[in-house]
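Nothing here was measured: the structure is a model prediction, and the numbers come from that model.
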Amino acid sequence: MKAPKIIFSALATISLLAFSACSQQEEPAAGQKATKVAKQRSKKKKSQRKKSGKMQLSIANKELPVKWENNKSVDALKKLTPLTIKMSMYGGFEQVGHLNKSIISDDRQTKTIPGDIVLYSSNQIVVFYGSNSWAYTKLGHINLGKKELRKLLSHGSVKLTLK
């Protein structure tokens, strides 16, 4: 008669453990929650950017305010995003970086000002922190002052990111 009681007790204990294990749901750690929220925000931002048709430009991991031109070159550049370009100083007034392919251009003689973003030779992006006059396709303009642009762009190579 002891055997059935032991078996019954063992089955009851196993059942109790099984049910309690099924009902316990561990909460994710705070770090996991924060990561999940950050990913959701990033996806939402990316979705909003794509819907609005706007591109985001960052230099040295700093997102910059840009007014993009409404032209076929900007449209073609958007299709290449996300894109990271290593920029190099040139001439003491600009940063130049090569695209991985040529895009449509409509070069016109232009006098650039600090903050201008242009396409050169259909395959190079140029960001000015000084001025120049040459044949370029205008892509946009970074809305920062001369001092901020010079501080950001005049101290060696930088990384430009388009999203």
Mind checking whether [X] and [Y] sit in one hydrophobic cluster, side chains of I, L, V, M, F, W, Y counted as touching below 4.5 Å?
X      : Y      : value
Val126 : Trp68  : no
Ile59  : Val96  : no
Val127 : Leu139 : yes
Met87  : Leu153 : yes

Please examine the side chains of [Y] and [X], heavy atoms only from C-beta on, and report whether any two atoms are closer than 4.5 Å.
X      : Y      : answer
Val158 : Lys86  : no
Thr161 : Lys159 : yes
Asn100 : Leu80  : yes
Leu149 : Leu144 : yes
Leu77  : Met55  : yes
Ile125 : Leu99  : yes
Leu57  : Ile142 : yes
Thr137 : Ser73  : yes

To the nearest 0.5 angstrom, please state how far the [atom1] atom of [X] sits from the [atom2] atom of [Y].
X      : Y      : atom1 : atom2 : result
Phe128 : Phe93  : CZ    : CZ    : 6.5 Å
Asn71  : Ile104 : CG    : CD1   : 9.0 Å
Glu148 : Asn143 : CD    : CG    : 10.5 Å
Ser157 : Met89  : OG    : CE    : 8.5 Å

Answer yes if the side chains of Ser88 and Gln95 hold a donor-acceptor pair under 3.5 Å, and no otherwise.
no
Tell me yes or no: between the side chains of Ser122 and Ser102, is some donor less than 3.5 Å from an acceptor?
no
Minimum heavy-atom distance [X]-[Y], with the two atoms named:
X      : Y      : value
Gln124 : Ser121 : NE2-CB, 4.3 Å
Glu63  : Ser58  : CA-OG, 3.6 Å
Ala135 : Gln109 : N-OE1, 3.8 Å
Asn132 : Glu94  : ND2-OE1, 4.2 Å
Lys138 : Asp116 : NZ-OD1, 3.1 Å

Are any side-chain N or O atoms of Asp107 and backbone N or O atoms of Tyr120, one a donor and one an acceptor, separated by less than 3.5 Å?
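No, the answer is negative, given that no donor and acceptor are paired below the 3.5 Å cut-off.
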Would Lys72 and Asp106 count as a salt bridge (Lys or Arg N to Asp or Glu O under 4.0 Å) if you check the C-alpha gap in whole Å, the side-chain angles of each, and the deciding distance to 0.1 Å?
CA-CA 9 Å; Lys72 291 179 181 180; Asp106 184 21; over 6 Å; no
Please walk me through it: do Ile103 and Asn123 pass side chain to side chain contact (heavy atoms under 4.5 Å, CB included)?
CA-CA 6 Å; Ile103 61 174; Asn123 65 358; over 6 Å; no
Checking side chain to side chain contact (heavy atoms under 4.5 Å, CB included) for the pair Leu152/Leu64: CA distance, chi angles, key distance, verdict?
CA-CA 11 Å; Leu152 186 65; Leu64 302 175; 3.6 Å; yes
Run His141 and Ile113 through side chain to side chain contact (heavy atoms under 4.5 Å, CB included) and show every step you take.
CA-CA 9 Å; His141 184 82; Ile113 60 172; 3.8 Å; yes
Taking atom CG of Asn61 as the centre, report whether more than 12 heavy atoms of other residues, nucleotides or ligands fall under 6.0 Å from it.
no
Give the C-alpha distance, both sets of side-chain angles, the deciding distance and a yes or no for side chain to side chain contact (heavy atoms under 4.5 Å, CB included) between Tyr136 and Thr112.
CA-CA 9 Å; Tyr136 301 110; Thr112 64; 3.8 Å; yes
